[in-house]
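Residue numbers start from 1 in every chain, and the chains themselves are labelled A, B, ... in the order their sequence lines are given, proteins ahead of strands.
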There are 2 protein chains.
Amino acid sequence: MPKTPTVYDVADLAGVSIATVSRVFRKPHKVSQATKDRVNAAVLNLGYVPSGSARSLAARRAGAIGLCFPDFDGIDGGPAPIVYADGRVIEQLDPPEDVEPSGDLYLSEVMLGTEIEAWRHGMAVTIAVARGDEIFDNLAGRVDGMITLSRTVPEGLLAHIARHIPVVVIAGTRAGDDYDHIGTDNVAGMQAMTRHVVDAHGVRDLAFVGGPADSPDDHDRFEGFRMGLHAEGIELPSEPLLRGDFTRSHGRMLGRRLVEAGRVPRALVCSNDQTALGVLDALLATGLRVPEDVIVTGFDGIDASQTSRPRLTTVRQPMRELGRAAVDTLLRRLGDPLMPPQTGTLPVTVLLRESCGCLA
Amino acid sequence: MPKTPTVYDVADLAGVSIATVSRVFRKPHKVSQATKDRVNAAVLNLGYVPSGSARSLAARRAGAIGLCFPDFDGIDGGPAPIVYADGRVIEQLDPPEDVEPSGDLYLSEVMLGTEIEAWRHGMAVTIAVARGDEIFDNLAGRVDGMITLSRTVPEGLLAHIARHIPVVVIAGTRAGDDYDHIGTDNVAGMQAMTRHVVDAHGVRDLAFVGGPADSPDDHDRFEGFRMGLHAEGIELPSEPLLRGDFTRSHGRMLGRRLVEAGRVPRALVCSNDQTALGVLDALLATGLRVPEDVIVTGFDGIDASQTSRPRLTTVRQPMRELGRAAVDTLLRRLGDPLMPPQTGTLPVTVLLRESCGCLA
DNA sequence: GAGGGTGATGTATGCGCATACAGTATAAGG
DNA sequence: CCTTATACTGTATGCGCATACATCACCCTC
């Protein structure tokens with residue numbers, strides 16, 4: 001890697017000015033074909049690649065969108081053992097035990113949606129994990145706008161950043177802030193699910209298995225549950241029966257706890273799929289039948305809900321569309337900074353499968 | 001959003017020079033505490049965020065790593081219907097039919113590994129989808145190095161970019177290029193798998209169900225299969241029995257074709273999990289039993305291989321570690337540009353489950 | 001008390017590009 | 001043949017920051 005060539009080198013080699021080189025890239029129609037050919041030849045010849053930093057600086061726009069995710073707890077298991085060699089190879093034939101599934105399809109899907117939509121608009125996507133102030137240092141300064149999951153960035157920091165670039169929050173409820181918000185209809189989805197269990201399966205003994213108490217998603221879903229019960233004239237609980245942390249292993253634990261306590265309701269409406277799958281694991285392990293003895297429902301619509309036995313009745317939220325909608329909103333905001341704060345809600349779909357007794 | 005504040009504004013407000021402001025961020029130990037406090041107060045006051053572009057330009061390093069993925073075929077289903085409203089909500093209770101699983105855990109996992117490792121080293125990750133020359137325009141110029149999946153970027157373009165920044169290729173075999181490579185041990189993994197089927201289950205009538213003919217992964221896996229057969233003294237096929245495109249639906253098709261042709265081998269060694277799962281679907285649908293009538297094995301170790309019925313015996317490749325190792329290699333390369341081209345191979349793990357007859 | 005550190009800060013410059021503005025050449029119009 | 005429009009191209013400047021170097025104050029040391 002010798003010295004990186006710049007516009008100046010290209011201009012020299014092509015016998016034109018740097019302005020012309022720049023124009024070949026930015027406004028090709030303003031350059032004659034002959035000149036374009038000469039410049040392009042020089043570009044190829046030198047291996048020239050325009051500097052994004054310089055371009056962004058001069059053009060006063062980064063051409064990138066920031067995506068800020070919560071820290072991947074515990075995922076950071078240290079570096080892998082790399083075998084740098086030719087021939088040296090490790091064959092492991094032993095472990096018949098299983099690996100833990102890589103939970104967060106949710107994030108992956110949102111990421112994918114963001115990526116797709118951003119790319120459609122010629123924007124790059126820069127990903128960051130919220131960890132201390134690095135978002136501030138490393139991300140906020142290099143993007144035109146930021147998308148973040150709710151509760152990911154400390155409020156003070158986010159406010160500071162929002163003075164600088166527009167911020168779109170995914171999956172949170174507005175709390176007096178001025179950010180744009182994109183979410184799914186947790187309330188309506190869970191309400192519909194609840195009423196389905198009551199109406200279609202005649203169950204009036206339902207309980208809600210929740211997630212973290214500080215999750216706005218969980219809050220809304222519980223609210224939807226309560227609204228569903230209310231509509232059916234069933235008495236409302238003020239709190240979820242139990243709370244987990246949205247993981248499958250916590251779900252298993254909660255399931256076991258219910259069985260041990262000896263009071264398993266006729267239907268368990270869970271706040272997300274992972275929890276529901278864990279509950280399912282626990283119930284089945286103790287010999288209970290789903291849906292015959294206990295009905296279990298989830299929320300999210302992750303792939304695993306489709307391959308479980310029985311398959312999980314759940315509310316599918318369009319995770320990929322979430323990222324997509326966030327990008328659209330961000331771009332509209334960039335186009336019109338004065339627009340009032342937006343709140344977008346994506347519709348959800350109730351998927352009826354075996355775990356509630358449908359398709360049985 | 002009034003005019004974005006710069007170092008100059010901060011310097012003025014704090015009554016110092018811009019060099020001092022810069023130092024507060026880059027070399028805090030070289031600034032007295034009193035000055036630091038004044039500057040930080042000004043930063044908060046103005047809502048200052050340092051410009052990544054200017055910083056990168058001046059520092060001659062982007063502080064970011066590029067990750068280039070193949071186009072997500074057919075994923076681009078057009079924008080979502082967003083409901084911008086208060087109260088207007090769409091409840092969909094109808095469709096009991098399932099959604100297509102979002103196949104590519106592989107990419108997500110690699111992305112995640114990249115993200116984690118890059119962030120550990122204070123580097124941002126910028127993602128791009130290979131589509132035409134946009135990688136060149138939008139990505140290569142704004143990162144310090146690039147990671148790409150093999151066969152993702154056209155060779156000419158990649159060579160051009162590699163003159164400018166280091167490139168690490170994931171999952172390809174070296175083909176006379178000078179890039180660094182990171183891959184998993186496809187050959188050894190498939191060889192071990194093949195020998196397991198022969199040794200442990202006494203099967204000598206095996207066939208290989210392959211993927212795209214131009215996939216280096218598939219090529220290596222088939223080679224491993226052949227080496228396994230050779231070691232067992234079984235005659236080698238020169239070509240896979242059938243080829244799909246690595247998707248589950250193609251797998252189903254191939255499975256059906258085998259059944260219809262009336263010649264289903266005792267064991268089907270598939271080149272990846274999705275294919276194997278599709279084959280499984282097709283076989284089970286026609287009443288064949290797995291593993292009693294036919295043994296099926298996969299490769300990759302995606303989550304779905306763990307929740308299928310029967311669960312899939314497969315070779316797990318450490319997808320997340322792949323991204324991680326790629327980042328490590330890239331960083332080492334940045335530290336030592338003259339280092340000879342590296343080839344890293346990550347070990348794989350054979351997971352024995354029901355679909356081959358183990359754990360039955 | 002002169003010489004030589006040492007720590008804190010300021011000055012000046014350049015990173016590579018986009019672009020406003022100012023040419024220049026050529027064609028068209030009168 | 002002169003004017004004016006048109007199509008290209010060049011010159012000059014600034015984007016916001018990092019940093020080499022210069023400066024200055026102050027403390028040691030012998």
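At the phosphate of D:dG16, neither OP1 nor OP2 sits under 4.0 Å from any side-chain N or O atom of B:Ser51. Checking the phosphate oxygens (OP1, OP2) of C:dG10, a side-chain nitrogen or oxygen of B:Ser17 falls inside 4.0 Å.
Rounded to an integer number of Å, the gap from CG of A:Leu57 to C1' of D:dG16 is 5 Å. D:dT9 atom C1' lies 14 Å from atom NE2 of A:His29, rounded to whole Å. Between A:Arg142 atom CZ and D:dG16 atom P there is a gap of 17 Å when expressed in whole angstrom units. Rounding to whole angstrom units, CG of residue B:Asp9 and C1' of D:dC17 are separated by 13 Å. For the pair B:Arg55 CZ and C:dG16 P, the computed distance is 18 Å after rounding to whole Å.
Axis angle, first five pairs versus last five pairs of the helix from C:dG1-D:dC30 to C:dG30-D:dC1: 40°, rounded to 10°.
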Identify each atom pair where a protein N or O and an N or O of nucleotides 19-22 of chain C are less than 3.5 Å apart, giving names and distance.
none

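At a threshold of 4.5 Å between non-hydrogen side-chain atoms, the residues B:Met123 and B:Arg61 count as touching. No side-chain heavy atom of A:Tyr179 sits less than 4.5 Å from a side-chain heavy atom of A:Thr148. Within the 4.5 Å cutoff, the side chain of B:Val327 has heavy atoms near those of the B:Ile147 side chain. Looking only at side-chain heavy atoms (C-beta outward), A:Ser108 and B:Met111 stay at 4.5 Å or farther from each other. Residues A:Thr6 and A:Ser51 fail the side-chain proximity criterion, which asks for heavy atoms closer than 4.5 Å.
In this structure, CD1 in B:Ile170 is found 10.0 Å from OG1 in B:Thr184, a value given to the nearest 0.5 Å.
Within 4.0 Å of A:Tyr48, counting heavy atoms only, lie sugar-phosphate atoms of the nucleic acid but no base atom. No contact: A:Val21 has no heavy atom under 4.0 Å from any strand.
In the region residues 31-40 of chain B, proximity to DNA chain D at under 4.0 angstrom, judged on heavy atoms, holds for none of the residues.
Under the salt bridge (charged side-chain N to carboxylate O under 4.0 Å, His left out) criterion, the residue pairs touching residues 140-160 of chain B are B:Arg151-B:Asp214, with sequence neighbours excluded. Pairs of residues two or more places apart, or lying in two chains, that qualify as ring-ring contact (aromatic ring centres under 6.0 Å, His included) and include a residue from residues 6-31 of chain B are B:Phe25-B:Tyr48.
Remark: A:Asp12 pairs with no residue by the salt bridge (charged side-chain N to carboxylate O under 4.0 Å, His left out) rule, at least two apart or across chains.
In this structure a side-chain-to-backbone donor-acceptor pair under 3.5 Å is missing from A:Asp180 to A:Val168. At least one donor-acceptor pair under 3.5 Å links the side chain of A:Asn40 to the backbone N or O of A:Lys36.
A donor-acceptor contact under 3.5 Å is not formed by the side chain of A:Tyr8 with the base of C:dC15.
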